[in-house]
Amino acid sequence: MRAVVFDAVRSQPEVRSVPEPDVPDDGVLVQVMATGMCRSDWHAWAGHDDIAFPHVPGHELAGIITEVGPRVTRWQVGDRVTVPFVCGCGRCEWCLSGNAQVCPDQQQPGFTHWGSFAEVVTLHAADVNLVALPDEVDFATAASLGCRFATAFRALVGRAQVRDGEWVTVIGAGGVGLSAVMIARAAGARVIAVDRNPEALTVAAEVGAAHTLLADGTDIPAAVAALTGGGSHVSVDAVGSEQTLADAILGLRRRGRHVQIGLLPPIDGHPRVPMDRVIGWELDLLGSHGMAAADYPAMMALIAEGRLAPQRLIERTIGLEEAAALLPGFDRATVAGMTMVDPQRIG
């Protein structure tokens with residue numbers, strides 16, 4: 001099969017012909033019809049994750065089952081499926097309680113094993129982790145869910161439990177941030193989007209942001225407080241830096257809820273957090289790490305009904321060669337939306 005491969009931390013990825021993976025006893029092989037390029041893929045390439053080399057990245061995907069392991073009972077060849085980026089073991093107390101996204105024995109395509117920047121990908125514990133695609137949901141739309149949209153959905157609906165009429169600040173208008181804007185607006189919230197890219201803010205306004213703030217040195221917490229009459233009820237850091245985390249927390253009103261989605265790799269020590277504000281204003285700090293397959297039906301139903309439209313966030317579709325070229329600089333990309341990769345595209 002053709003796949004994007006890199007051989008060491010920060011080495012140039014390239015498209016190669018490599019052997020197809022073997023199907024696990026409890027898993028499946030999936031022909032990848034669409035896979036998203038995400039900042040998390042860049043983190044793996046940059047050495048912020050413990051991965052083995054050579055490595056194939058890619059973790060948000062949709063496709064068609066081509067081979068089924070002998071212990072799989074719910075799926076068959078030809079089924080159209082997607083999968084969360086965290087695949088639970090299906091046996092532990094967290095998986096059994098419907099919280100596979102924090103499974104201690106989890107598998108993650110593109111991190112724990114070869115991922116979906118390839119024509120074929122392996123998925124483990126298929127009976128627990130796969131999600132069937134409704135006829136109304138195409139492959140690109142489904143692939144956009146696996147990391148960013150599903151993570152944003154759980155962050156706002158499951159973790160922050162955003163309510164109608166609340167103010168929500170979303171810092172970062174990339175794929176996950178724009179997803180958060182769309183989901184918060186669908187929940188009835190009033191949304192403020194913050195980004196350094198004016199084009200991304202234009203898209204944020206198109207998908208539901210009531211206000212946009214350009215991160216050009218402006219005092220973001222003060223601007224948020226002025227717009228909301230004292231701060232937002234909920235904040236989301238969809239970037240992952242000391243600055244964006246601090247701006248998100250300091251822009252909350254008293255008793256507000258902050259959800260951290262963007263990864264904060266421990267570069268130069270642990271990130272500094274304004275804990276004095278967290279304590280003094282009794283703020284809630286919440287993590288969000290994807291969403292279990294068990295929670296997908298509610299989100300998928302909203303998409304099939306047209307109440308959520310993640311496909312609107314796909315800005316461009318590229319092939320594997322372009323994906324290999326773009327990955328090293330993806331942390332600096334100014335794409336106003338999601339980049340989707342079609343592994344079947346040649347050239």
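All values below were derived from every heavy atom in this structure, side-chain atoms included, with hydrogens, water molecules and symmetry-related copies excluded.
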Determine which pairs satisfy side chain to side chain donor-acceptor pair (under 3.5 Å) with at least one residue from residues 81-92, sequence neighbours left out, and list them in order.
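Applying side chain to side chain donor-acceptor pair (under 3.5 Å) to every pair that reaches into residues 81-92, excluding sequence neighbours, yields Arg91-Asp105.
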Please list all pairs meeting salt bridge (charged side-chain N to carboxylate O under 4.0 Å, His left out) that have one or both residues in residues 50-68, counting only residues at least two apart or in different chains.
Glu60-Arg148
For residues 114-126, pull every pair meeting salt bridge (charged side-chain N to carboxylate O under 4.0 Å, His left out), keeping only residues two or more places apart or in separate chains.
none
Does the pair Trp45 and His55 meet the rule for a side chain to side chain contact (heavy atoms under 4.5 Å, CB included), with working shown?
CA-CA 9 Å; Trp45 171 85; His55 185 68; over 6 Å; no
Assess the pair His48 and Trp42: is the distance between their ring centroids shorter than 6.0 Å?
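For His48 and Trp42, the ring centres are under 6.0 Å apart.
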What do you reckon, is [atom1] of [X] surrounded by more than 12 foreign heavy atoms closer than 6.0 Å?
{"X": "Gln76", "atom1": "CD", "answer": "no"}
{"X": "Asp135", "atom1": "CG", "answer": "no"}
{"X": "Glu199", "atom1": "CD", "answer": "no"}
{"X": "Arg316", "atom1": "CZ", "answer": "yes"}

For a 4.5 angstrom cut-off between non-hydrogen side-chain atoms, does Leu145 reach Met300?
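In short, these two side chains touch, coming nearer than 4.5 Å.
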Any ring pair (Phe, Tyr, Trp, His ring centres under 6.0 Å) pairs touching residues 169-218, not counting sequence neighbours?
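Pairs touching residues 169-218 that pass the test: Trp167-His211.
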Please, which pairs that meet ring pair (Phe, Tyr, Trp, His ring centres under 6.0 Å) have at least one residue in residues 271-322, sequence neighbours excluded?
Phe85-His289
Output side-chain donor-acceptor pairs under 3.5 Å for residues 174-190, partner residues at least two apart or in another chain, one line each.
from: Ser179; atom 1: OG; to: Gly175; atom 2: O; distance (Å): 2.7
from: Arg190; atom 1: NE; to: Gly165; atom 2: O; distance (Å): 3.3
from: Arg190; atom 1: NH2; to: Gly165; atom 2: O; distance (Å): 2.8

If I take atom CZ from residue Arg196 and atom OG1 from residue Thr244, how far apart are they, to the nearest 0.5 angstrom?
10.0 Å
CG/Leu133 to OG1/Thr141 distance, rounded to the nearest 0.5 angstrom?
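Nearest 0.5 Å value for the CG-OG1 distance: 9.5 Å.
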Can you list, pair by pair, the side-chain donor-acceptor contacts under 3.5 Å of residues 109-116, counting residues two or more places apart and other chains?
from: Thr112; atom 1: OG1; to: Gln107; atom 2: OE1; distance (Å): 3.0
from: Thr112; atom 1: OG1; to: Gln108; atom 2: N; distance (Å): 2.8
from: Thr112; atom 1: OG1; to: Gln108; atom 2: O; distance (Å): 3.2
from: His113; atom 1: NE2; to: Thr122; atom 2: O; distance (Å): 3.1
from: Trp114; atom 1: NE1; to: Pro54; atom 2: O; distance (Å): 3.0
from: Ser116; atom 1: OG; to: Thr35; atom 2: OG1; distance (Å): 2.7
from: Ser116; atom 1: OG; to: Gly58; atom 2: O; distance (Å): 3.3
from: Ser116; atom 1: OG; to: His59; atom 2: N; distance (Å): 3.4

Test item: Trp75 side-chain N/O and Ile65 main-chain N/O as donor-acceptor pair under 3.5 Å:
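Side chain of Trp75 to backbone of Ile65, a donor-acceptor pair under 3.5 Å: no, none is there.
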For [X], enumerate each residue passing the salt bridge (Lys or Arg N to Asp or Glu O under 4.0 Å) test, keeping only those at least two apart in sequence or located in another chain.
{"X": "Glu20", "answer": "none"}
{"X": "Asp7", "answer": "Arg16"}
{"X": "Glu166", "answer": "Arg163, Arg257"}
{"X": "Glu93", "answer": "none"}

Between Asp342 and Thr317, is there a side-chain donor-acceptor contact under 3.5 Å, judged purely by atom types and distance?
no
Quick one: ring-ring contact (aromatic ring centres under 6.0 Å, His included) partners of His233, sequence neighbours excluded?
none
